[in-house]
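All remarks here apply to the structure that follows.
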Amino acid sequence: MAIRHIMAISVALLAGAAISSTSAEGDNRVVGGDEAVPGSRPYQASLQDISWGFAWHFCGGALINENWVVTAAHCVDGKSASSLQVSLGDHNIFSNDGNEIIRGISRIIMHEDYDSQTVNNDIALLRLSQPANSKFNDYVRPISLPGQLSDPSGDCVVSGWGALSEGGSSSAVLMKVSVPIVSRDGCRDAYGESEITDEMICAGFDEGGKDSCQGDSGGPLTCVYSGAETLDGIVSWGYGCAHPGYPGVYTRVGQFVDWINDNI
């Protein structure tokens with residue numbers, strides 16, 4: 001099992017709005033995708049560790065309203081809110097695009113039943129230190145949640161700043177890739193009956209080649225129904241990156257809509 005998590009060491013400018021250099025470890029990022037059009041995924045968040053005086057991009061997230069970002073629990077397990085910040089409206093995380101909004105984190109709410117061994121219930125909420133709605137524009141805007149207990153099908157899109165190939169370098173620019181939802185039974189055939197719970201969804205191609213990867217952890221898997229885009233998955237884990245027969249595994253947001261609404 002590979003949790004899709006990476007830390008990219010970056011030097012932040014004093015304003016915290018731009019990042020100038022990076023080194024990385026890990027092997028999981030968006031693979032086989034394309035550069036996202038700037039502003040096309042305005043809910044995308046970069047979660048950054050600032051505890052050492054630098055801004056370290058290490059996970060993704062999704063803005064769901066002016067005060068809250070959703071991410072994976074494994075991204076923030078053991079971390080303090082004061083050590084983190086979120087960059088919204090970013091495209092190239094190593095330069096200042098002029099559209100970024102930086103917010104501190106005032107509170108972390110991890111799902112109370114998150115299991116770090118099975119990676120079940122891999123979801124967390126981050127409360128922003130200041131609302132982002134005063135800055136809503138073409139580059140910063142929340143995404144809608146799906147219906148409670150919804151289970152996506154068809155093709156969906158995952159995005160992030162993870163590496164472009166297993167063992168490769170992380171991407172400076174936001175990448176995206178379209179992947180088909182894999183049935184839960186099919187995913188259990190790949191990983192084992194007990195590994196894939198009803199709180200998870202899977203997406204990927206039988207032949208591999210396109211996938212999320214480390215550095216994309218916590219980021220959004222979005223699907224479109226009747227013209228409306230919703231946050232249906234959160235990048236969680238998988239076997240390597242884009243391996244044939246092993247789809248990416250995502251937190252099934254539809255299982256947690258009531259939990260999200262109860263906590264925000």
Side-chain angles (χ1 to χ4, degrees), residues 8 10 12-13 15-20 22 29-48 55 57-72 75 84-105 126 128-146 152 154-164 170-179 203 210 212-213 215-235 250 253:
S10 308
L13 299 182
I19 301 174
S20 61
T22 184
R29 301 82 170 164
V30 164
V31 176
D34 301 298
E35 181 176 348
V37 174
S40 63
R41 303 184 71 75
Y43 42 79
Q44 180 85 41
S46 167
L47 184 56
Q48 300 169 358
H57 167 81
F58 67 99
C59 273
L63 183 71
I64 57 170
N65 68 23
E66 65 271 19
N67 291 309
W68 293 92
V69 164
V70 173
T71 189
C75 285
L84 303 177
Q85 70 178 23
V86 165
S87 179
L88 303 166
D90 226 328
H91 182 70
N92 187 323
I93 57 170
F94 304 146
S95 67
N96 190 337
D97 302 314
N99 302 308
E100 299 89 347
I101 298 171
I102 305 297
R103 290 289 186 266
I105 302 300
L126 309 177
L128 304 181
S129 57
Q130 295 178 306
N133 60 336
S134 64
K135 298 285 188 175
F136 282 174
N137 53 43
D138 289 342
Y139 297 91
V140 179
R141 195 164 296 278
I143 188 170
S144 298
L145 297 174
D155 289 347
C156 300
V157 176
V158 62
S159 53
W161 288 276
L164 306 176
S170 58
S171 176
V173 297
L174 183 64
M175 301 291 290
K176 65 175 180 64
V177 66
S178 179
V179 285
K210 296 184 178 184
S212 58
C213 234
D216 296 320
S217 271
L221 176 77
T222 63
C223 309
V224 177
Y225 303 100
S226 301
E229 188 177 27
T230 56
L231 177 66
D232 285 87
I234 298 168
V235 180
Y250 301 80
V253 176

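Values below: all heavy atoms of this structure, side chains included; hydrogens, waters and symmetry mates excluded.
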What's the shortest heavy-atom distance between [X] and [Y], and which atoms?
X    : Y    : result
P220 : A62  : CB-CB, 4.1 Å
P142 : Y43  : C-CB, 4.2 Å
A55  : Q85  : CB-NE2, 3.9 Å
A72  : V235 : CB-O, 3.9 Å
L88  : A45  : CD2-CB, 3.7 Å
A203 : Y250 : CB-CE1, 3.9 Å

Within this structure, what is the [atom1]-[atom2] distance for the pair [X] and [Y], rounded to the nearest 0.5 Å?
X    : Y    : atom1 : atom2 : result
D232 : C223 : CG    : SG    : 4.0 Å
D216 : L174 : CG    : CG    : 9.0 Å
L126 : R103 : CG    : CZ    : 14.5 Å
S87  : H57  : OG    : NE2   : 10.0 Å
H91  : S40  : NE2   : OG    : 8.0 Å
F58  : T71  : CZ    : OG1   : 7.5 Å

If the condition is side chain to side chain donor-acceptor pair (under 3.5 Å), which residues does Q130 pass it with, not counting sequence neighbours?
none

L63 and side-chain contact (heavy atoms from CB on, under 4.5 Å): which single residue from V70, V86, V140 fits?
V140

Return yes if some donor-acceptor pair links the side-chain N/O of [X] with the main-chain N/O of [Y] below 3.5 Å, else return no.
X    : Y    : answer
N65  : W68  : yes
D97  : N92  : yes
Q44  : P42  : no
S129 : G104 : yes

Assess whether salt bridge (charged side-chain N to carboxylate O under 4.0 Å, His left out) is satisfied between E229 and R41, documenting all intermediate values.
CA-CA 10 Å; E229 188 177 27; R41 303 184 71 75; 3.7 Å; yes

Test item: [X] and [Y] side chains (from C-beta on) under 4.5 Å apart, heavy atoms:
X    : Y    : answer
V69  : L47  : no
I234 : L221 : no
P146 : Y225 : no

With a 6.0 Å cut-off (strictly less than), is the heavy-atom count around CG of D155, excluding the residue itself, greater than 12?
yes

Between I64 and L145, is a side-chain contact (heavy atoms from CB on, under 4.5 Å) present by the stated rule, with each step listed?
CA-CA 7 Å; I64 57 170; L145 297 174; 3.9 Å; yes

